Amino acid sequence: MTTAYLNGEYLPLTEARISPMDRGFLFGDGIYEVIPCHQGKPIGFDAHMSRMREGLAALDIHSGMTPSDWLEVVTALLEKNTSFIPSGYIGVYLHVSRGADTRRFHAYPKDISPTLFAFAFELAPPPTPDINKVRPLKVSLAQDKRWQRCNIKSTSLLGNVMHYQHSHQTGLDETILYNASNEITEASSCNVFAVIDGKVVTPPLDHQLLPGITRQIALKALPEAGIECHERVLTLEELKGADEVWLTSASKEISPVVEIEGQMVADGRPGKRWLQALQAFNQVKFSA
Ligand code: PDD
């Protein structure tokens with residue numbers, strides 16, 4: 001049984017209990033992070049901490065935890081769970097909800113303690129940097145129906161869950177989302193990149209998408225490796241005609257998409273730019 005962390009204690013995950021009056025449960029009133037760790041090493045820890053701090057500030061939640069407190073939790077969970085997850089590919093989920101109240105009332109209550117929760121789980125192995133061996137992704141498309149604050153990594157994920165289910169129930173890997181102006185925002189649990197005329201394009205950060213840490217690391221690593229990148233509006237039409245499409249996230253790193261709504265992306269095979277991008281990402285990921 002894997003070990004989890006709850007409000008200062010380590011305990012078997014199945015024994016972790018919270019109140020049904022927790023606002024995370026009642027309202028999705030909380031912030032979370034997923035930190036990918038390979039062979040005991042977290043990837044992008046500081047960036048995950050910055051994003052978490054910004055999310056908590058946006059919701060006016062005070063976790064009382066410093067980045068070094070969280071690093072202690074992450075390190076302890078990696079140690080305690082190594083034998084349960086022999087592959088060494090571990091995601092550490094961190095969660096802060098506003099805490100449990102005595103009544104259900106929308107306004108933020110004063111004087112309640114946040115609920116701090118973390119657990120470790122097995123990540124799928126990262127993509128193999130080989131055009132012939134990588135598992136390519138097939139995706140669907142949908143108009144983005146989520147809220148206007150998608151830059152906050154909130155635990156209110158029903159919009160994302162419904163969009164993800166849309167592709168999952170037909171055996172696809174993800175749903176790429178576009179807004180009312182037919183501009184790509186992101187996917188239900190990943191950021192989106194495309195290669196157009198040899199240049200890498202990804203939508204700019206705003207309220208419509210999560211500032212992904214994998215995206216951030218990629219946008220630093222790729223130009224350093226000589227790959228031109230542009231953060232700009234990416235239209236649905238451009239995506240459909242792109243030479244390559246990739247999804248990025250903690251678990252997928254940079255993964256190639258070969259089919260969108262049953263139509264092949266270019267020749268239907270992972271592209272050369274993807275391979276260069278993943279190699280550039282792999283060079284820096286542990287120092288990012
Ligand atoms: N998903 N966009 C959304 C909506 C996401 O949920 C995620 C991450 C990303 C990529 O962010 P990052 O590169 O920091 O993982 C983009 C996580 C892994 C999840 O919810 O499980």
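What you are looking at is a predicted structure, and each value in this text was computed from that prediction instead of being measured. Start at 1 and go down the list; that is how both ligands and their atoms are numbered. Keep in mind that the numbers below use all heavy atoms, side chains included, and drop hydrogens, waters and symmetry copies.
Two residues are said to be in side-chain contact when any heavy atoms from C-beta on lie closer than 4.5 Å; I254 and P127 fail this criterion. In this structure the side chain of F193 never reaches within 4.5 angstrom of the side chain of W274, judged on heavy atoms. Looking at heavy atoms from C-beta onward, L123 lies out of side-chain contact with I90 at the 4.5 angstrom threshold. Side-chain atoms of H95 and I31, non-hydrogen and from C-beta on, never get closer than 4.5 Å to each other.
Residues passing the ring-ring contact (aromatic ring centres under 6.0 Å, His included) test with F121, sequence neighbours excluded: F119.
Taking the six-membered ring where the residue is Trp, the centroids of Y5 and F117 are separated by 6.0 Å or more.
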Quick one: ligand 1 N/O to protein N/O pairs below 3.5 Å?
| unit_1 | atom_1 | unit_2 | atom_2 | d |
| --- | --- | --- | --- | --- |
| ligand 1 | 1 (N) | S189 | O | 3.3 |
| ligand 1 | 2 (N) | E186 | OE1 | 2.6 |
| ligand 1 | 13 (O) | I213 | N | 3.3 |
| ligand 1 | 13 (O) | T214 | N | 3.0 |
| ligand 1 | 13 (O) | T214 | OG1 | 2.6 |
| ligand 1 | 14 (O) | R51 | NH1 | 2.9 |
| ligand 1 | 14 (O) | R51 | NH2 | 3.1 |
| ligand 1 | 14 (O) | I213 | N | 2.9 |
| ligand 1 | 15 (O) | A250 | N | 2.8 |
| ligand 1 | 20 (O) | Y32 | OH | 2.7 |

